[in-house]
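Presented below is the structure to which this report refers.
These figures come from a predicted structure and were not determined experimentally. Order of listing sets the numbers, starting from 1, for every ligand and every atom in it.
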Amino acid sequence: MKGFLASAVSGLALAGFVSGQACQTTTLTSSVPTNSSTKLALASYSYCGGTLNATAYIANVDYNKVVSLYYTNAQGQSTPLSVVNLGYSSGIGNGSWELWSTSTPIYIDGITKLLNLTYQATDVGKTYVQTLNLPVNATGGPAPTLPSPPAPYATPKGFGSDITSWLSVNIGSESETAFQRMFLNINPAIPGAAEGVVVAARSGPSYIQTNPDYEYNWVRDASLTMDVVQSLYSAATKAKAKTAYQNILFEYAAARATEQNDPGLQTGLGEPKFYLNNTIFTGPWGRPQNDGPATSAITLMEFATSYLANGGSIDTVKQKIYDSATFPASAPVMKDLLFVASNWSSPSFDLWEEEESDHFYTRMVQRRALVLGAAFATKMGDSATSATLSTAATALSATLAQFWDPNREILLYEYGPVLNGKSSYLDTAVVLGVIHGYAGDGVYSYTNDQVLLTALRLATSFIDVYAIANTTTDSAGLTLGIPIGRYPEDVYNGTGTQTNGGNPWYLCTAALAQLFYSVSTEYADAGSISLTNISKPFFDYFAPAAGLQVGQTYTYGSRKYNQAIGGLNGWGDAFLRTVKHYTPADGYLSEEYNRNTGVPQGAGDLTWSYASVLTAAFARAEVRGQKGYVRGLADLGVVGNTVA
Ligand code: NOJ
Ligand code: NOJ
């Protein structure tokens, strides 16, 4: 199997001599600056075979540092993409200086000049700049060209009965296990846990595994988990179960209001994590993360909408969910929505908590919050807030087109500097952005051609990165989908960082499955499929048997339509089969499964992993027309919160 990242990756490994032609390194200085007011100095650089290499001396003034090298691209322009971040390489001498470096393929944007080096010492709030204005000449071998997607390694077709039974509403199925294990982490039976909190993963003394420490209430994880509870609430028909979900959701709303009012917030409502007693975590962390207020508001508006449809009172919704102006201690939604409306254009940390920039994921969930929020505020009789949210939604929507990169032919996960080495610009965050952030109004929907091509390039980028991608069938000979991680260059191994240490994640693999099912549903609702030049490679890979062409319309139920949808559903199940294949016998889900062995790794019993399998199962049931599926699961009811 050959993925198209291969050439970029080998380009990286070949720094030095390429095809016998010398790589020319310019050395500016080979010792640390002696002037005590100087905190940074570029040491050397080269642009070799399409890869920019640079090293710099950085004074160790605080713990968290962001070091960025700005350049002009092949057109002589400076854009949010024409910058690379350097990473820590080594300490020097007594540790008062450090060597930072990068080796990043940038041939797609190209380079003509190094503009400046900046060093943000984030803990002490200082930024240092070295102006460079150095011309850059390409040396070494020729830069690679953008590789085409590979040929598919399998052609799965249609749903698999193995996945149907794995997800069935039966005691001991994976869905039932995920359902029960997820609820153990909601209002967890951990001493001191406040009502309405979700623990990202139990890792304290009460649990077998203490590393990594995920025993916190993350705003994002909580909102995505509560979104599943909200779906269960809507679908439940058994009174006891329905009431239990309703109580949990009202407790969650109150917990969110408590967070908003914590006196220790450092970055407003984008604070990413809280202790289980629901007070703010103030240690060093990537903050703010401005997706959280959006996804929390989405979940609670969806809940409120079904609560009203079930006969709930509008006064209760105002008091316990929406009206933060009148009920600031109990109703969080209006406040979160107004925060989104005034902060969506400010850079914040991404959902992986690694980079401060403008993120596709964050924009998408913010957009959905604003669009739903404008309608919801109207329902609450609050036309002023509705107008504010609509205006922000329109302005935000106008920025989404910048995430499409015509050179890379992908939706960029962010429009700004890349983390050291994260040069593919591919990230499952884009797929998650569509899954969590599609507002149902045709803007970046599941079947958007840019979304489809990005999903193809993203998925196939992992083939050469993970050794377990070479296992393409399970013991029954059924196709395993590509194992999916956060992004191909990831170095987080679940407890720390390690070269080539990133692994596939259960929630990312499940996200691909969910996307494919939702694509199928959207085509069924539309009544036809038609392709563009952008979406064609997606169909060529995932549904080659259909042989779909650009410029034709394939009507619902026609032979080619069915072949195409069969391919998509087959791959949806193949991705879930990979999750199944690497799930241990007890059905418990960690954060990751090892890239070489498939053995679970990182936080154990990760709440979000369970939530992601359940939302994929719901999307699968929807495309299969199984109207009673969510209800069946919901009516099982919550068994209880005892620490296993
Ligand atoms: C912990 C974060 O939660 C994770 O997303 C990140 O990759 C690691 N720290 C390393 O920065
Ligand atoms: C690390 C992940 O990158 C982040 O998205 C998540 O919120 C935390 N872990 C907690 O699960």
For residues [X] and [Y], determine if any side-chain heavy atom of one lies less than 4.5 Å from a side-chain heavy atom of the other.
X: L184; Y: R202; value: yes
X: N217; Y: E259; value: yes
X: F183; Y: V229; value: yes

Could an N or O of ligand 1 be found under 3.5 Å from any N or O of R486, whether backbone or side chain?
yes
Is there any N or O on E354 that sits under 3.5 Å from an N or O of ligand 1?
yes
Enumerate the atoms of ligand 2 whose separation from the nearest heavy atom of [X] is less than 4.0 angstrom.
X: W505; value: 2 (C), 3 (O)
X: W352; value: 3 (O), 5 (O)
X: W608; value: 5 (O)

Residue and atom name of the nearest protein heavy atom (relative to [atom]), distance in Å to one decimal:
atom: atom 5 (O) of ligand 2; answer: L351 O, 2.7 Å
atom: atom 10 (C) of ligand 2; answer: D221 OD2, 3.3 Å
atom: atom 1 (C) of ligand 2; answer: Y214 OH, 3.5 Å
atom: atom 2 (C) of ligand 1; answer: E353 OE1, 3.3 Å

Any ion pair linking K422 and E414 (charged N to carboxylate O, less than 4.0 Å)?
no
Aromatic contact, F360 with Y413 (centres under 6.0 Å):
no
CD of Q266: more than 12 outside heavy atoms within 6.0 angstrom?
yes
Using the ring-ring contact (aromatic ring centres under 6.0 Å, His included) rule, take W505 and W608 through it: C-alpha gap first, then chi angles, then the decisive distance, then the call.
CA-CA 11 Å; W505 285 36; W608 188 2; 7.4 Å; no
When you measure from atom 8 (C) of ligand 2 to each heavy atom in W218, Y492, Y216, which option holds the nearest one?
W218
